[in-house]
Protein chains: 2
Amino acid sequence: MARRRQSVTIKHVAADAGVSLQTVSRVINNEPNVRPEMQERVRASIAKLGYVPSIAAQRMAGRRSYLIVALNDRERTIADWRKREGTDWVDQMMFGGILKCTEHGYRLIVELVDTHSDHIERELLAAIASLQPDGVILTPPHSQNQKILEILDDHKISIARIGSLTDGPGFLLTMDDEHAARLATEHLVELGHHRIGFIAGPPEYELSGWRVVGWKAAMRDAGIDSGGLFAQGDFSFASGRAAAEALLGGDDPVTAIIASNDQMTLGALEVVREHGLRVPEDFSLISFDDTPVIRFSHPPLTAVQQPIAEVASRAVELIISDQAGKKVSREPVVVPASLVVRNSTARRRPALKDTA
Amino acid sequence: MARRRQSVTIKHVAADAGVSLQTVSRVINNEPNVRPEMQERVRASIAKLGYVPSIAAQRMAGRRSYLIVALNDRERTIADWRKREGTDWVDQMMFGGILKCTEHGYRLIVELVDTHSDHIERELLAAIASLQPDGVILTPPHSQNQKILEILDDHKISIARIGSLTDGPGFLLTMDDEHAARLATEHLVELGHHRIGFIAGPPEYELSGWRVVGWKAAMRDAGIDSGGLFAQGDFSFASGRAAAEALLGGDDPVTAIIASNDQMTLGALEVVREHGLRVPEDFSLISFDDTPVIRFSHPPLTAVQQPIAEVASRAVELIISDQAGKKVSREPVVVPASLVVRNSTARRRPALKDTA
DNA sequence: GTGAAAGCGCTAACAT
DNA sequence: ATGTTAGCGCTTTCAC
């Protein structure tokens with residue numbers, strides 16, 4: 001067992017600068033009560049010796065751990081990884097999260113927890129005990145899990161909740177799913193579509209509801225009755241297929257579909273084609289997830305692009321500011337998603353009976 | 001600032017079980033010299049109190065940090081993330097790495113460092129000082145960076161080097177790139193191709209060379225002269241284009257190309273089509289990276305699939321075993337890549353002059 | 001404004 | 001086989 005020691009510690013710096021440990025500590029942490037000249041001297045020694053504080057020691061001494069945990073759903077994340085389709089969500093979280101963390105000397109650790117199990121509490125407590133993170137970024141469906149929120153809050157860990165607006169502790173961040181759904185719907189309306197079906201995500205996800213609201217509102221604004229155009233999905237490919245079958249089944253089938261994630265969109269696409277319809281000539285399709293599968297699909301699909309990296313970055317900022325003791329507004333942070341128009345949406349082709 | 005304390009410490013467990021701290025510590029770390037009944041008693045208390053050791057404290061006391069760092073090239077990783085094409089490499093490393101880490105109470109932290117800069121040394125030392133990882137997983141081109149190896153070795157940090165076989169400290173892991181290149185080449189030979197071009201990756205990557213060797217060997221075994229069929233690339237789309245132009249330019253152009261990564265393959269595909277050739281009817285193409293872009297390309301491309309997750313998992317195993325003081329073989333670990341045949345490779349269509 | 005002392009939770013080395 | 005002691009590197013009191 002190699003007994004590794006820190007090569008340059010605060011002691012070395014103190015000795016080199018000819019000051020006390022305390023003064024060095026103050027400089028490191030940008031605390032007051034240090035004369036500029038002392039500051040300078042200490043900083044010079046730090047630079048000279050290449051000193052970097054040990055986060056383990058900092059954590060031990062009761063200060064911050066400089067660790068932020070990104071909590072993700074184990075089952076879903078692993079399934080995504082296994083498919084090797086470009087998980088996107090975790091990737092993009094890391095993209096935004098790591099870069100922002102680095103700016104502040106923080107690290108991001110991805111933790112997978114089992115939502116469905118009852119041991120979520122045990123898993124979470126274990127993660128907290130071993131890591132003692134300064135903050136946790138929660139993604140749906142964890143963002144609204146009261147048990148998780150309660151535990152984190154009890155431990156005075158800063159919380160950033162992505163995709164949730166329900167009451168409770170923590171900072172709220174959304175991508176304005178309602179507006180995004182509206183954008184998607186309006187795009188289709190402008191292309192002449194009236195029968196615009198919507199495949200919703202599971203109700204356990206708050207954002208599923210927001211998207212439905214946006215779609216319904218846009219439909220109403222366009223003077224279209226959205227009755228019978230709604231289908232419930234569960235984010236799975238199969239549910240996308242089933243929903244599309246339902247929407248295409250009646251005697252007044254839809255001419256366009258907005259599906260709440262990539263898998264359901266792909267499922268719908270398959271069904272649309274089975275019905276002998278071409279995309280986008282005969283049928284328009286919009287995905288609510290701009291993942292690689294969607295982008296490299298044929299045709300490349302029009303999609304709602306969610307700024308996950310940016311949201312993760314903001315989440316990290318909020319946590320760090322909060323931990324630094326700054327007063328941070330609890331107003332929800334909104335980083336709006338946008339619509340990327342590709343080749344799965346086109347002007348509605350008049351149905352035969354219309355032209356007759 | 002909230003002064004967060006461990007809620008349940010080793011002291012509580014010791015008190016509850018009526019033993020000394022040391023005994024608890026021994027039980028936690030599966031050390032000898034504890035009677036089964038004591039073990040039992042301590043474990044019961046641990047379970048009862050829900051005790052989990054603080055890794056910060058464990059690290060402080062000179063033992064392991066239970067942290068493994070996955071070192072990646074900053075520039076390239078960020079570029080991949082920004083493109084949102086499904087980075088795959090980082091994703092897959094996390095997939096294999098995190099799961100294996102979890103089994104042993106370890107955590108994986110992704111660190112990005114700037115290879116090209118001279119401050120790589122400073123960056124690395126800073127990461128070591130602040131994190132004090134037990135091990136580091138190196139990916140190309142870091143795997144063979146002597147400076148990095150030296151620093152890590154000096155700090156007695158276990159090293160897992162993916163894609164390198166050069167001398168130096170650390171465990172070696174490869175996906176048998178030579179064999180993979182051979183597989184790809186043989187596949188094309190079987191389809192009747194003779195003029196099989198190869199676009200190599202930059203020589204800074206050891207595996208670039210291995211792939212070339214595999215291709216050349218397979219060509220030789222098939223009795224084909226590989227002269228003039230080699231093109232140097234640098235993993236960029238543009239270099240793939242340039243290389244393909246060169247290979248298609250002469251009076252005896254290639255009928256198939258193997259490119260050493262996804263971007264170059266895509267570049268080559270573009271050029272092939274500009275030459276009026278259809279894939280796979282007129283031209284066969286194999287990618288040496290089975291990323292989402294390749295899989296969802298049109299047609300879906302035949303590709304070498306690299307078992308990155310599995311390699312990362314093995315890397316973690318090696319590091320953990322090494323840290324546990326076990327004698328671990330320094331023999332290179334080989335997790336062979338495989339060829340996934342899709343629709344970008346087909347039987348060679350006889351050239352006009354052949355049929356004449 | 002600066003320093004000295006105590007202690008965070010744990011393990012190493014040395015008792016017994 | 002078990003307990004005791006002395007730190008690890010840092011921050012937090014609380015002195016000066």
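Here is the naming used below: chain letters follow the sequence lines, and residue numbers restart at 1 for every chain.
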**Prompt:** In whole Å, what is the span from the NZ atom of Lys11(B) to the C1' atom of dT5(D)?
**Reply:** 13 Å
**Message:** Whether Tyr51(B) contacts dC10(C) is assessed here as follows: a side-chain N or O lying under 4.0 Å from the phosphate OP1 or OP2. Is that the case?
**Reply:** yes
**Asked** What nucleotide, of dT2(C), dC10(D), dA1(D), holds the atom closest to the side chain of Gln58(A)?
**Response** dC10(D)
**Request:** Starting at atom CZ of Arg59(B), determine the distance to atom C1' of dC10(C), rounded to an integer number of angstrom.
**Result:** 12 Å
**Asked** So, is Thr23(B) near the phosphate of dT2(D), with a side-chain N or O under 4.0 Å from OP1 or OP2?
**Response** no
**Prompt:** Heavy-atom count around Arg314(A) CZ within 6.0 Å, excluding the residue itself: above 12?
**Reply:** no
**Request:** Name the nucleic acid region contacted by Pro53(B), choosing base, sugar-phosphate or nothing; use a 4.0 angstrom heavy-atom cut-off, strictly under.
**Result:** sugar-phosphate
**Message:** Wobble G-U and Watson-Crick pairs count when both distances are under 3.5 Å; given that, what is the 5' to 3' dot-bracket string of DNA chain C, with | for pairing to other strands?
**Reply:** |||||||||||.||||
**Complete:** Of the candidates dC10(D), dT11(C), dG3(C), the side chain of Asn29(B) sits closest to dT11(C)
**Message:** Within the structure provided, determine whether Ile28(A) and Tyr51(A) are in side-chain contact (heavy-atom separation under 4.5 Å).
**Reply:** yes
**Complete:** To the nearest angstrom, the NE2-C1' distance between His12(B) and dC8(C) comes to 13 Å
**Prompt:** Val52(A) versus Leu125(B): any side-chain heavy-atom pair under 4.5 Å?
**Reply:** no
**Request:** Could you state the atom-to-atom distance from OH of Tyr66(A) to C1' of dG9(D) in whole Å?
**Result:** 14 Å
**Asked** What do you reckon, is CD of Glu75(B) surrounded by more than 12 foreign heavy atoms closer than 6.0 Å?
**Response** no
**Complete:** note: Met60(B), atom CE; dC8(D), atom P; distance rounded to Å ~ 8 Å
**Prompt:** Considering only side-chain heavy atoms of Met38(B), which listed nucleotide, dC10(C), dT2(D), dG9(D), is closest?
**Reply:** dT2(D)
**Message:** If I take atom CD in residue Glu37(A) and atom P in nucleotide dT2(C), what distance separates them, rounded to the nearest angstrom?
**Reply:** 7 Å
**Message:** Side-chain N or O of Ser20(A) versus OP1/OP2 of dA4(C): is the shortest distance under 4.0 Å?
**Reply:** no
**Item:** Nucleotide nearest Gln22(A) (side chain, heavy atoms from C-beta), chosen from dC10(C), dC8(D), dA4(C)
**Value:** dA4(C)
**Request:** Looking only at side-chain atoms of Ser54(A), point me to the closest of dT13(D), dG9(D), dT2(C).
**Result:** dG9(D)
**Asked** Can you check whether Leu138(B) reaches Ile162(B) side chain to side chain, under 4.5 Å on heavy atoms?
**Response** no
**Item:** d(CD1, Ile10(A); P, dG7(D)) in whole Å
**Value:** 19 Å
**Prompt:** For Arg64(B) and dT11(C), what is the distance between atoms CZ and P respectively, to the nearest whole Å?
**Reply:** 9 Å
**Prompt:** Taking Arg43(A) for the side chain and Met38(A) for the main chain, is one N or O donor matched with an acceptor at less than 3.5 Å?
**Reply:** no
**Request:** Measure from the side chain of Val34(A), starting at C-beta and using heavy atoms only, and say which of dT2(C), dG3(C), dG9(D) lies closest.
**Result:** dT2(C)
**Asked** Are Val19(B) and Val42(B) close enough, and set up right, to give a side-chain contact (heavy atoms from CB on, under 4.5 Å), and what steps lead you there?
**Response** CA-CA 8 Å; Val19(B) 298; Val42(B) 173; 4.0 Å; yes
**Message:** At less than 4.0 Å, is any side-chain N or O atom of Thr9(A) found next to OP1 or OP2 of dC8(D)? Yes or no.
**Reply:** no
**Complete:** Looking only at dT2(C), dC8(D), dT11(D), the nucleotide nearest the Arg35(A) side chain is dT2(C)
**Fill in**
The nucleotide from dG9(C), dT12(D), dC10(D) with an atom nearest the side chain of Glu31(A) is dT12(D)
**Request:** Measure from the side-chain N and O atoms of Ser25(B) to the backbone N and O of Leu21(B), and report whether any donor-acceptor pair falls under 3.5 Å.
**Result:** no
**Request:** Taking only the side-chain heavy atoms of Arg26(A) (C-beta and beyond), determine which of dT2(C), dG9(D), dC8(D) contains the nearest atom.
**Result:** dT2(C)
